[in-house]
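Before any comments, here is the structure.
We name chains A, B, ... by the order of the sequence lines, and we start the count at 1 in each one. Reckoned from all heavy atoms, side chains included, excluding hydrogens, waters and symmetry mates.
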2 protein chains.
Amino acid sequence: MTENPATEAYDAVDVIRTKRDKHELTDGQIDWLVDAYTRGVVAEEQMSALTMAILLNGMNRDEIARWTNAMIASGERLDFSILSRPTADKHSTGGVGDKITLPLAPLVAACGVAVPQLSGRGLGHTGGTLDKLESIPGWRAALSNEEMLAQLEDVGAVICAAGSGLAPADKKLYALRDVTGTVESIPMISASIMSKKIAEGTGALVLDVKVGSGAFMKTEADARELARTMVDLGTDAGVVTTALLTDMSTPLGRGIGNALEVTESVAVLAGGGPADVVELTIALAREMLAGAGVTDVDPADALADGRAMDAWRRMIAAQGGDPDAELPVATHTEEIRADRDGVIVRMDALGVGVAAWRLGAGRARKEDPVQAGAGVYLHKTLGEQVKAGEVIATLHTDTPERFTRAIDSLDTACDGAGAIAIGSVAPERSIVIDRISAG
Amino acid sequence: MTENPATEAYDAVDVIRTKRDKHELTDGQIDWLVDAYTRGVVAEEQMSALTMAILLNGMNRDEIARWTNAMIASGERLDFSILSRPTADKHSTGGVGDKITLPLAPLVAACGVAVPQLSGRGLGHTGGTLDKLESIPGWRAALSNEEMLAQLEDVGAVICAAGSGLAPADKKLYALRDVTGTVESIPMISASIMSKKIAEGTGALVLDVKVGSGAFMKTEADARELARTMVDLGTDAGVVTTALLTDMSTPLGRGIGNALEVTESVAVLAGGGPADVVELTIALAREMLAGAGVTDVDPADALADGRAMDAWRRMIAAQGGDPDAELPVATHTEEIRADRDGVIVRMDALGVGVAAWRLGAGRARKEDPVQAGAGVYLHKTLGEQVKAGEVIATLHTDTPERFTRAIDSLDTACDGAGAIAIGSVAPERSIVIDRISAG
């Protein structure tokens, strides 16, 4: 029992106990807590205990909405209402080979909707959009708010690093959750993502919620709950929000790794590229355009006729990048070959993602560098025929001592069963599993 | 996903996730975690997340025993085997007016068993044994291990502060739990208490597990679970351990507050004092003597014939105290009077405890001083007749501005129903509710 210092409206231990004992947090408790944590009055160890209690005991829709608003209120809000076009943004919960933002942002811009895509770097086996773009010589991720607005008006698409001014409470809290085993809370994930997207000021938002071995959400039920929670949060905040539940049991496309994914994205913008990447890019573009109220443009046309590629080149050049530059190539390669004839019946996203990460495409700690050329290229992927001795995948790295552990992860993914399996019957795969909208 | 630094055998986030996901912690995880936390490798915010996960998801008997052993291994162990007598100790989970240690330690010593009573200071509405004894002019709580051993051999009883060498992991962890809302975990409470008692090296131990409004455990089921967990831990560690479940819905005795409790303890040692205090003192003394193998001495005789009082005087004097000194008296008093004739049907321990605390007998923060003279004296307590206008209680403090809030706590205890109620039928009260022994 402690008496509350008169200077603070609430006591952190009382707030922790409320959630620990499975009660609903009040609006006042949430507003105070997030603000006091940002001010440093609520200590890290207090927030981590509360966060674990939230992870285990949950928050209801009202609590999550209040928490999200408190995180938005901890920082600045952007305002795109001065732009001459409507805005739409996309957020992916992260996957293996998920380079969709790269073709998607210029494609939607080419269709007349501005795309203010604030992105992050990768941690663990899912790559980061900024890491991918940084493999383009000269390209820079850091823009001021003014530069971002000017580029949105001029080019229509910007992919840049989120400034520190948006939802600083979330930034502090995410770093804490990362080291305290409390990342995997649907209320906290939802509030974290949506606080930044709402503060960013987009008019429409489409969420790409991944499900499967390579995704953060391993089960469809969890992915569905996350999608529903975020769609509700966005809708309540006045952002036109929809979500697609999409498959992440298999990597998207053939290239996994920073420069490999840029190359594949450029192929999609040139009208080619793997079918799954094209399908998902167009599906998400349609959602963004519809959310922004643009219904008379077909994004497939803008891919086919080169308008999307033009927007890409202008977007890269506006941030100092050379769209014609050679991309970095890893110094060493190793091939994985088929040991029999058949069809690829499993290409496990987690196993491939971890392999790419171990080859140097990703980082274990925030401060680690990434290798631009490292990663995995899939000559054969799910459902494709292969002959004994044929190359299935090429591994790329600048540090060949990494090959052994990368191959380990391919051999032992799926509970030791191996990331790659050859069988006789090509499995079905739906890229878009479901669509979740407001209401 | 993080790769584990090669220098540590485990990763804190993995350990947190194990318990978060309701799995059993391995011996290796527990040993590493407690050691790494003591070394500062596991951060406070990581330990607090784990502690909340333990509070909500529990630990089984094996995990609790391993955790307790890891905390013991974090520090030194005392050894009383060189003493010429067997040793027995008592631990109370804390209550209102619980001064039992004061008459009990010299009483058991007078019966031929050495009592090494390492005690603490109070926090919140339950008083601390050291705070009570410090109201005796000259008495000092801090003894070296050598001084403690010498006094045990010479006087047979010592009540002193636990040195920082015993279970330092527990000390650090308790301070963390206190500010993170994670005190109320039966596995953690059990490990905390028993790690210190086992490290202290006593041969026998009796646990006084309180149940009721003024106790830490509000329900008999919780108190029983705590008692069972601690008896098992002690038994497994080779300490003869029993527990009494005792009533803490009503304060023990009439005096609540530091000097008021010393006065009442001296009255018990002189052969008088309140019946409930005498009954519990003798019941606990019998358990301690039996645990130490002494079955031919009746502690009631040692109270009646003055041997216990002699031991008290020698024990106080050995630590610099003057057993004949006047005790501090508060400068201000206020009386609570009956508003009708009848019998006291409720004297709520929590309400009275909070009143005494607010009068200055206890502290809100560890660094706060306590008032030696402050507290509540009950002229009438549970089951006693009272006439309208008669004084039920006197409140004592050196800071009279505290009276209002102290009276508030008496008026609004028991969910607003008031700590003191006058009715017509005297209620039953059993001091000792049950006895729990090994097996």
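Closest approach of A:E184 to B:R17, counting heavy atoms only: OE2-NH2, 3.6 Å. The heavy-atom pair separating B:V179 from A:V13 by the smallest distance is O-CG2, 3.4 Å.
Applying a 4.5 Å heavy-atom cutoff, the residues of residues 46-56 of chain A that approach chain B are A:Q46, A:S48, A:A49, A:M52, A:A53, A:L55, A:L56.
With hydrogens and angles ignored, the 3.5 Å screen pairs no side-chain donor or acceptor of B:R20 with any backbone N or O of A:T182.
Residue with the most contacts toward chain B among A:I16, A:T180, A:V183: A:T180 (heavy-atom pairs, distance under 4.5 Å).
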